[in-house]
Number of protein chains: 4
Amino acid sequence: MRLKDEQKFEAIIRATLELTHEKGLAGIKMSELARKAGIATGSLYTYFEDKQDILLSVDREVRSRGAAYLMQASTDDEENYEGRVKTYVGQYADFVSANREAILFIDLLQRSPFMTERSYQDTVDQYRFTLELVEEGQNAGLVREGDPEEMVHVIDSIIKMLIDHRQTHLKGAYDEEVRNRCKEYVWAVLKK
Amino acid sequence: MRLKDEQKFEAIIRATLELTHEKGLAGIKMSELARKAGIATGSLYTYFEDKQDILLSVDREVRSRGAAYLMQASTDDEENYEGRVKTYVGQYADFVSANREAILFIDLLQRSPFMTERSYQDTVDQYRFTLELVEEGQNAGLVREGDPEEMVHVIDSIIKMLIDHRQTHLKGAYDEEVRNRCKEYVWAVLKK
Amino acid sequence: MRLKDEQKFEAIIRATLELTHEKGLAGIKMSELARKAGIATGSLYTYFEDKQDILLSVDREVRSRGAAYLMQASTDDEENYEGRVKTYVGQYADFVSANREAILFIDLLQRSPFMTERSYQDTVDQYRFTLELVEEGQNAGLVREGDPEEMVHVIDSIIKMLIDHRQTHLKGAYDEEVRNRCKEYVWAVLKK
Amino acid sequence: MRLKDEQKFEAIIRATLELTHEKGLAGIKMSELARKAGIATGSLYTYFEDKQDILLSVDREVRSRGAAYLMQASTDDEENYEGRVKTYVGQYADFVSANREAILFIDLLQRSPFMTERSYQDTVDQYRFTLELVEEGQNAGLVREGDPEEMVHVIDSIIKMLIDHRQTHLKGAYDEEVRNRCKEYVWAVLKK
DNA sequence: GATGAATGAGTATTCATTCAT
DNA sequence: CATGAATGAATACTCATTCAT
């Protein structure tokens, strides 16, 4: 017999993200999803309970990959705080740029009829490292006072907006310039 | 589509926004929409062509109201530029807070399959005043260099994020404190 | 608008019974059911929740009609007990013969995956009159001792078997002869 | 279909009967059947053509076992006819009680779409002995006149109903008391 | 052979739109 | 015009059967 396949799981995730990007959440049809993933419609149900299970699973997967990426992003060898923040922002911007579909997906799912009671905690976990970085800066008197969690969200939205604006409206590619503007704007918001 | 009864149109808009808030765009069913608006399902088709027509009409309406609000927002009597920016941001924050559902709706519609080729121009129109304010600051050497349009989007996303974070995650009410933080963060990003 | 139609409800019941007779419970397809009832597939869902709801509703309806028939069946003017029992059995046999499809349906549904927790009570209600007749006979010393409920079931099975055997295996029509045999056999079981 | 492993065939029969008892014929899924029989889904197709083949095979097997049992049931040493009938009814009641699932299965299959044109003859074969017993009684003037085949069916339904009523509705165990009632009722129907 | 994942035709169900009242 | 029942195409999901391992 054929073994349940990690590659198929991966293919389904990829297909879901692509389809969401192309047609929006509501536009996802199981048959199309299967075709895009290169499997039969019925096979989707070997891997997932139903449509909602696919969407929530993709959400979970994509979030955890994001968290993993941000966790591993090293900022250690930088000497000063500002430099470390900017390095981190640069890495985060790279990640956002490379994972636009995933980020769009999470965003759309959040406000969809498929999202039932997903806890806010999930999101927080994902930002733990960023949060700690902000708190460190506040403790060192280098960062503006204020709720660090809120600040993290603001930073997040700035970076996503800059990249989205560039790619969606200006049809431009993500480049060093946008990357630098991310650093600039974020640092402007943070610094005391 | 011409209107036969202004009140019904209003009810349909309100119902659309509420439903979008509750279940997301994909969760809007004509029957539910009608019920929420207090009319019969079939009557929706007296006022609108089809579902897409409703969504696009609500979008148009809500956008034009937003633009009208921002247009009318006066900043004239303030003496200095920073003060005028902050006054404006405060007013904008008030508007965002008072129209969260509408803003969510626009946001979701933007990336939905219902939105066919709505031009980016619409959005620009809406931000014309903000844009001019930023450009004025740049000309006066008070505002950081950079694409003003991009800056407007960044400002916009900061304000929306601050208010959304407060209301959604902290379940807190919009108040003077959030309003002030909007001003602070925005000015931090703008100022040279 | 069109009013929800009692006739359609009736048509669906009839179609369900016919289809069950023709193809068995498992052979009922919503599309075919709708066609047989002369309505659109989707309309089934105007009248019922889902397939199971149709089956359980038909069950309920058919049972209550049976109970109503047996309730109304008069035996009053007969002078002696044996005569009254035989009159009643004759009427019941007429009913069974005229409602074979309904009886088959109830029987099949009983042991189907659609039947969840239908209580035994339903069945008892339906037999109340028969039960009282048996008890009356026992009190008068005319009927054999024993659990009256059990006796009612035995009587029921005898009548159904006689009629089914005649119609199914012998392809014969229900007639006075079978009717009389019902009376004979039942009375043989009952009499002391 | 030839057998490769007698034990597996036995397991499949048992699983089929259990499943039919639990969920009815329509509720039998190949995957569940396989799980219950302790083999893989695909293996079912090593032993049988398809689903219908399983059901008909189980039917055949179960019927032949029943016939074998009734054939072997001896009534020879009883002196008088009534005693022999009662002995036989007692044995038959024992058999019915011990094979409720099989009997339900046969009953349901009979009226299902799986049963194509299984001849009525099969059933007759199975009742040959009972039939002869009744005919003997009629010839001896001890049994009521009437179609012996019909009488056999009536007897059969009485016994099954008594046992089913006891076990299903009263949750009681089959015991000497029920056994005796079977004899009583049957003899009441038969005797002239 | 045995296994259970893969397949896809077949079905139940949804829901935008139409239409009789 | 308003109503909400009726429609049926569109879609999610099931499950007998096949087949790669």
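Below, chains carry the letters A, B, ... as their sequence lines are ordered, and counting in each starts from 1. Source: prediction; values computed, not measured.
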*Asks:* Contact class for D/I54 (heavy atom, under 4.0 Å): base, sugar-phosphate, or nothing?
*Replies:* nothing

*Asks:* By the 4.0 Å heavy-atom rule, please label B/M30 as base, sugar-phosphate, or nothing.
*Replies:*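 Contact class for B/M30: base.
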
*Asks:* Between B/R100 and B/D164, is any pair of side-chain heavy atoms under 4.5 Å apart?
*Replies:*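 In short, these two side chains touch, coming nearer than 4.5 Å.
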
*Asks:* Could you check which of E/dA12, E/dA16, E/dA2 has an atom nearest any side-chain atom of C/Y45?
*Replies:*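 Nucleotide nearest to C/Y45's side chain: E/dA12.
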
*Asks:* Mapping D/G42 and A/Q52 onto DNA chain F by nearest heavy atom, which one lands closer to the 5' end?
*Replies:*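 Checking each residue's closest nucleotide, the 5'-ward one belongs to A/Q52.
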
*Asks:* Does B/R111 come within less than 4.0 Å of A/D107, counting only side-chain N to carboxylate O?
*Replies:* yes

*Asks:* Between F/dG4, E/dG1, E/dA5, which nucleotide has the shortest distance from any of its atoms to the side chain of D/T46?
*Replies:* E/dG1

*Asks:* Does A/S31 place a side-chain N or O at less than 4.0 Å from the phosphate oxygens OP1/OP2 of F/dT11?
*Replies:* no

*Asks:* Any base atoms under 4.0 Å from B/L33, or only sugar-phosphate, or nothing? Heavy atoms, all strands.
*Replies:* nothing

*Asks:* Start at the 5' end of DNA chain E and walk down; is the nucleotide closest to A/A40 or to C/E49 reached first?
*Replies:* A/A40

*Asks:* Could you tell me the separation between the CZ atom of B/F9 and the C1' atom of F/dA2, rounded to a whole number of Å?
*Replies:* 19 Å

*Asks:* Less than 4.0 angstrom from a charged side-chain N to a carboxylate O is my criterion; do B/E32 and B/K36 meet it?
*Replies:* no

*Asks:* Roughly how many Å is it from CD1 in A/I12 to C1' in E/dA5, rounded to a whole number?
*Replies:* 12 Å

*Asks:* I'd like to know if the side chain of C/D50 reaches the main chain of C/D53, judged simply by a donor and an acceptor atom lying under 3.5 Å from each other, with no hydrogens or angles considered.
*Replies:* yes

*Asks:* Rounded to whole Å, how long is the line connecting atom CZ of B/F48 with atom P of F/dA2?
*Replies:* 13 Å

*Asks:* In whole Å, I'd like the distance from the CG atom of A/L55 to the P atom of F/dA12.
*Replies:* 10 Å

*Asks:* Round to the nearest Å and state the distance from B/R35 atom CZ to E/dA16 atom C1'.
*Replies:*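 Atom CZ in B/R35 sits about 15 Å away from atom C1' in E/dA16.
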
*Asks:* Would you mind telling me which of E/dC15, F/dT11, E/dT7 lies closest to the side-chain atoms of A/K29?
*Replies:* F/dT11

*Asks:* In whole Å, I'd like the distance from the CD atom of A/E6 to the P atom of E/dA6.
*Replies:*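 One finds 12 Å between P of E/dA6 and CD of A/E6, rounded.
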
*Asks:* Between E/dA5, F/dA12, E/dT17, which one does the side chain of B/T41 approach most closely?
*Replies:*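 Nearest to the side chain of B/T41 among the choices is E/dT17.
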
*Asks:* Supply the atom-to-atom distance B/D59 CG to B/T16 OG1, rounded to the nearest 0.5 angstrom.
*Replies:* 11.0 Å

*Asks:* State which of E/dA16, E/dA2, F/dT3 makes the closest approach to the side chain of B/S43.
*Replies:*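 Selected nucleotide: F/dT3.
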
*Asks:* Go ahead and name the base partner of F/dA20; Watson-Crick or wobble counts if both distances stay under 3.5 Å, otherwise write none.
*Replies:* E/dT3

*Asks:* A/E32 has an atom CD; how far is it from atom P of F/dT11, in whole Å?
*Replies:*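 It is 9 Å, rounded to the nearest whole Å.
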
*Asks:* In the strands shown, is F/dT11 matched to any nucleotide by a Watson-Crick or G-U wobble pair with both distances under 3.5 Å, and which?
*Replies:*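 Paired with E/dA12.
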
*Asks:* Examine F/dA2: is either OP1 or OP2 under 4.0 Å from a nitrogen or oxygen in the side chain of B/Y47? Give yes or no.
*Replies:*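 Yes, because at least one side-chain N or O of B/Y47 sits under 4.0 Å from OP1 or OP2 of F/dA2.
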
*Asks:* Measure from the side chain of C/K8, starting at C-beta and using heavy atoms only, and say which of F/dA6, E/dT11, E/dT17 lies closest.
*Replies:* F/dA6

*Asks:* Just checking, any donor-acceptor pair under 3.5 angstrom between side chains of C/R35 and C/T41?
*Replies:* no

*Asks:* Indicate, with a heavy-atom threshold strictly under 4.0 Å, whether C/L44 touches base, sugar-phosphate, or nothing.
*Replies:*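 C/L44: no heavy atom of the nucleic acid under 4.0 Å.
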
*Asks:* Taking the minimum atom-to-atom distance to the side chain of C/K51, which one of F/dT3, F/dA16, E/dT13 wins?
*Replies:* E/dT13

*Asks:* Among E/dA5, E/dT13, F/dA5, which is the nearest nucleotide to the side chain of C/D50?
*Replies:*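 For the C/D50 side chain, the nearest candidate turns out to be E/dT13.
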
*Asks:* Rounded to whole angstrom units, what separation is found between the CD1 atom of B/I39 and the C1' atom of F/dA5?
*Replies:* 17 Å

